[in-house]
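Reading through the structure tokens given below for one structure.
Note: hydrogens, waters and symmetry copies are ignored here, and every other heavy atom, side chains too, is used.
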Amino acid sequence: MMKCENPKTVKKALKINIQTPEELYGDLFYSIQKNHHLFNDSKTFVDAIPLFEVETIRNKFSQLNNPNDEELKNFVIQNFKLPKENASYKADSSNINKHIYKLWDVLQRPADEKHSGTLIPLPHSYIVPGGRFREVYYWDSYFTILGLQKDGKTELIQHIIDNFSYLIEEYGFIPNGNRTYYLSRSQPPFYALMIDVLAEEKNEQVYAEYLPHLEREYAFWMTGKNQLQQKEDTRLRTVKMPGGEILNRYWDNKSTPRPESYMEDIETAEKAIQLYPEKTKEEVYRDIRAAAESGWDFSSRWFYDDNNKEAGLPNIHTTNIIPVDLNCLLYNLEKTIAKAYHIKEDEVKQQYYLDLAEKRKAAIQKYFWNEEFGFYFDYNFQEKEHTNIWSLAGIYPLFFEVSNQQQAYSVKEKLEEKFLVPGGLLASTNFTTQQWDAPNGWAPLQYLAIEGLRNYKYDSLAKTVKERWLNLNKKVYQREYKILEKYHVVNINREGGGGEYPNQDGFGWTNGVYKKLSSEKLKLHNRKFNTHCFYAINDF
């Protein structure tokens with residue numbers, strides 16, 4: 001077994017002057033992203049690498065006299081290296097698993113030797129998702145790691161975790177991705193589950209070694225809990241519930257347009273205040289950014305239920321919603337920290353976190369379970385009621401074994417009735433133009449649902465979802481030689497779509513989940529008692 005490198009001694013990446021694209025480029029940024037909108041994808045310019053000192057480029061730009069589009073584009077080309085999307089990966093094998101194994105090298109990036117532009121350099125190698133996503137992403141990486149584990153790449157798994165540990169040390173949390181424009185938000189907290197994978201490959205001492213980082217991430221999410229009676233901006237990601245419980249929401253520390261979607265956000269905010277005069281642009285920007293922190297950017301989960309769903313994104317109100325998935329993840333984080341203290345033989349701290357976990361578990365059952373519909377829904381804490389959006393976030397309580405058997409049975413029934421389609425499970429039952437709604441399906445949600453069903457012995461439905469998802473992935477691969485970010489699960493002959501950008505090829509978390517599910521030899525398992533039943537699988 002390879003010895004786990006002490007995260008306290010992990011080599012440091014380059015120190016950088018952290019500036020957002022607006023701060024870094026000033027008037028040049030606004031001219032390109034707002035006034036001229038030079039690129040179809042607003043992410044293009046903010047990912048560009050300056051060829052000269054930024055101050056030099058800004059001085060040169062100040063000498064231009066009201067440039068037109070062509071002049072400005074020529075200026076950018078002369079002063080920046082524009083990023084290119086990763087080209088479609090040409091398959092040289094009809095075997096999808098062999099293709100995925102080769103893709104790890106294509107998607108791997110070495111430790112960053114120098115800093116330029118908006119990239120936050122990392123001290124170890126990492127995996128990018130692919131396509132327009134040229135940096136590491138937080139929650140994507142857990143599902144990528146599942147595939148790396150199956151392919152025996154333990155050292156790379158530890159490198160990814162140590163990069164996140166480094167980010168926690170430097171910034172106090174794990175950003176959405178390693179870009180300066182992501183430093184105001186995180187993503188769903190899957191760090192503890194990554195530690196689980198590393199512990200499986202090594203030993204349980206891993207939990208104790210990463211305990212400082214686990215606790216610091218927890219502190220980030222709980223920031224503001226002591227200011228819950230004060231104004232909203234001080235309580236951040238924590239909310240005091242009607243019964244006095246503390247639960248969490250998604251948030252972003254800024255209330256401005258996202259630099260990587262600058263003009264798009266401005267247009268959304270302008271439409272929003274026309275439709276809803278009581279809202280401010282700052283509120284809209286915050287809600288858009290908070291949805292980006294959720295990873296579900298975007299979904300009708302975050303839209304206000306006011307009988308105006310046609311309004312779409314301008315109808316967003318993410319910060320009013322307590323999400324079931326986030327609170328299940330934090331329940332798991334509390335339990336993981338307790339486990340780490342158990343390994344360190346600190347019974348007092350262990351019990352402290354176990355008590356927090358039990359309180360959160362009770363609150364999850366109280367606020368997210370809808371007895372009438374027999375399913376878990378997000379909770380609108382402003383109006384003290386469930387949202388009415390059926391989304392696959394409702395499977396998180398099964399994945400983390402929060403549900404009782406009767407609840408799990410009801411969720412299973414609803415999955416079969418409302419979510420199960422020819423290609424797997426829908427992200428939500430709402431057909432919209434948002435990518436995290438029907439008709440799309442996503443690898444991470446299929447995996448969480450399959451494992452959640454297995455936890456309660458609903459292996460038949462788990463097997464059906466698994467086979468439909470893997471067969472869809474394989475069918476598209478054989479047709480296009482691509483592994484995609486998301487899939488059209490209703491009509492398996494069509495491509496997934498919707499959202500702010502085209503469907504991306506690569507693709508980190510799809511690769512990881514496919515590799516995990518297609519190579520597993522475990523059908524039945526119970527995490528609590530660690531029992532297993534083996535069976536042979538078909539060669540997907």
Side-chain angles (χ1 to χ4, degrees), residues 85-110 124-161 190 193-194 197-198 200-201 423-425 440-451 463 465-489 492 495-496 503-522 536-540:
E85 287 192 13
N86 295 301
S88 293
Y89 308 113
K90 303 301 181 185
D92 59 3
S93 173
S94 60
N95 185 304
I96 187 173
N97 271 313
K98 290 181 180 178
H99 180 61
I100 290 172
Y101 187 83
K102 292 183 178 181
L103 274 178
W104 299 136
D105 289 337
V106 175
L107 297 173
Q108 186 171 344
R109 299 291 178 269
H124 300 283
S125 58
Y126 52 93
I127 299 286
V128 301
R132 71 195 284 270
F133 301 108
R134 312 169 184 97
E135 49 283 309
V136 75
Y137 282 81
Y138 180 6
W139 80 307
D140 294 57
S141 295
Y142 168 66
F143 301 96
T144 298
I145 280 172
L146 296 176
L148 294 173
Q149 182 186 28
K150 286 298 178 183
D151 280 332
K153 295 185 177 291
T154 306
E155 184 176 13
L156 183 52
I157 291 171
Q158 183 166 333
H159 283 175
I160 293 170
I161 292 171
F190 274 85
L193 283 97
M194 299 181 202
V197 176
L198 192 60
E200 288 174 11
E201 295 304 303
L425 296 171
N440 288 337
W442 294 77
L445 300 181
Q446 312 299 317
Y447 176 76
L448 294 169
I450 290 166
E451 289 295 296
K463 185 172 184 286
V465 174
K466 169 186 165 178
E467 289 178 346
R468 291 188 184 189
W469 178 253
L470 293 182
N471 284 330
L472 172 58
N473 286 190
K474 188 175 182 181
K475 179 183 178 70
V476 172
Y477 177 76
Q478 290 174 338
R479 183 177 71 225
E480 302 180 25
Y481 289 102
K482 292 181 180 180
I483 301 175
L484 300 174
E485 177 192 23
K486 56 185 176 280
Y487 289 82
H488 196 304
V489 289
I492 60 176
E495 185 171 316
N503 203 354
Q504 301 295 296
D505 178 22
F507 195 86
W509 62 16
T510 312
N511 301 340
V513 169
Y514 188 94
K515 176 68 73 168
K516 173 75 171 179
L517 293 176
S518 66
S519 60
E520 69 182 1
K521 288 185 170 58
L522 295 178
I537 62 168
N538 295 323
D539 178 15
F540 287 97

Within a strict 4.5 Å, meaning less than it, do heavy atoms of the [X] and [Y] side chains meet?
X	Y	result
Leu425	Leu445	no
Val513	Asn473	no
Ile483	Tyr514	no
Tyr487	Ile492	no

Nearest heavy-atom neighbours spanning [X] and [Y]:
X	Y	answer
Gly424	Arg468	N-CB, 3.8 Å
Leu156	Gln108	CD2-OE1, 3.8 Å
Gly508	Leu107	N-CD1, 4.2 Å
Leu484	Asp505	CD2-CA, 4.2 Å
Ser141	Met194	CB-CE, 4.0 Å
Ile160	Ile127	CD1-CG1, 4.2 Å

Kindly write out the residues that satisfy side-chain hydrogen bond (donor to acceptor under 3.5 Å, both in side chains) with [X], not counting sequence neighbours, or none if the list is empty.
X	value
Trp139	none
Asp140	none
Tyr142	none

task: Would you please name every residue forming a side chain to side chain contact (heavy atoms under 4.5 Å, CB included) with Lys516, sequence neighbours left out?
output: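 So Lys516 forms a side chain to side chain contact (heavy atoms under 4.5 Å, CB included) with Leu146, Gln149, Lys150, Tyr447.
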- prompt: Residues in side chain to side chain contact (heavy atoms under 4.5 Å, CB included) with Glu480, at least two apart?
  reply: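 Glu480 satisfies side chain to side chain contact (heavy atoms under 4.5 Å, CB included) with Val476, Lys482, Glu495 only.
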[X] [atom1] to [Y] [atom2] distance, which is reported to the nearest 0.5 Å:
X	Y	atom1	atom2	answer
Glu485	Arg132	CD	CZ	8.5 Å
Phe143	Thr510	CZ	OG1	11.0 Å
Leu103	Asn511	CG	CG	5.0 Å
Ile450	Leu470	CD1	CG	7.0 Å

query: Can you list the residues that meet the ring-ring contact (aromatic ring centres under 6.0 Å, His included) rule with Tyr126, with sequence neighbours excluded?
result: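 Expected list: none.
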- request: Run through Tyr477, Trp104, Phe507 and flag the one making a ring pair (Phe, Tyr, Trp, His ring centres under 6.0 Å) with His99.
  value: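 Exactly one candidate clears the test, Tyr477.
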- prompt: So, Asn97 and Ser518: side-chain donor and acceptor under 3.5 Å apart, yes or no?
  reply: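 Note: Asn97 and Ser518 side chains meet the donor-acceptor criterion.
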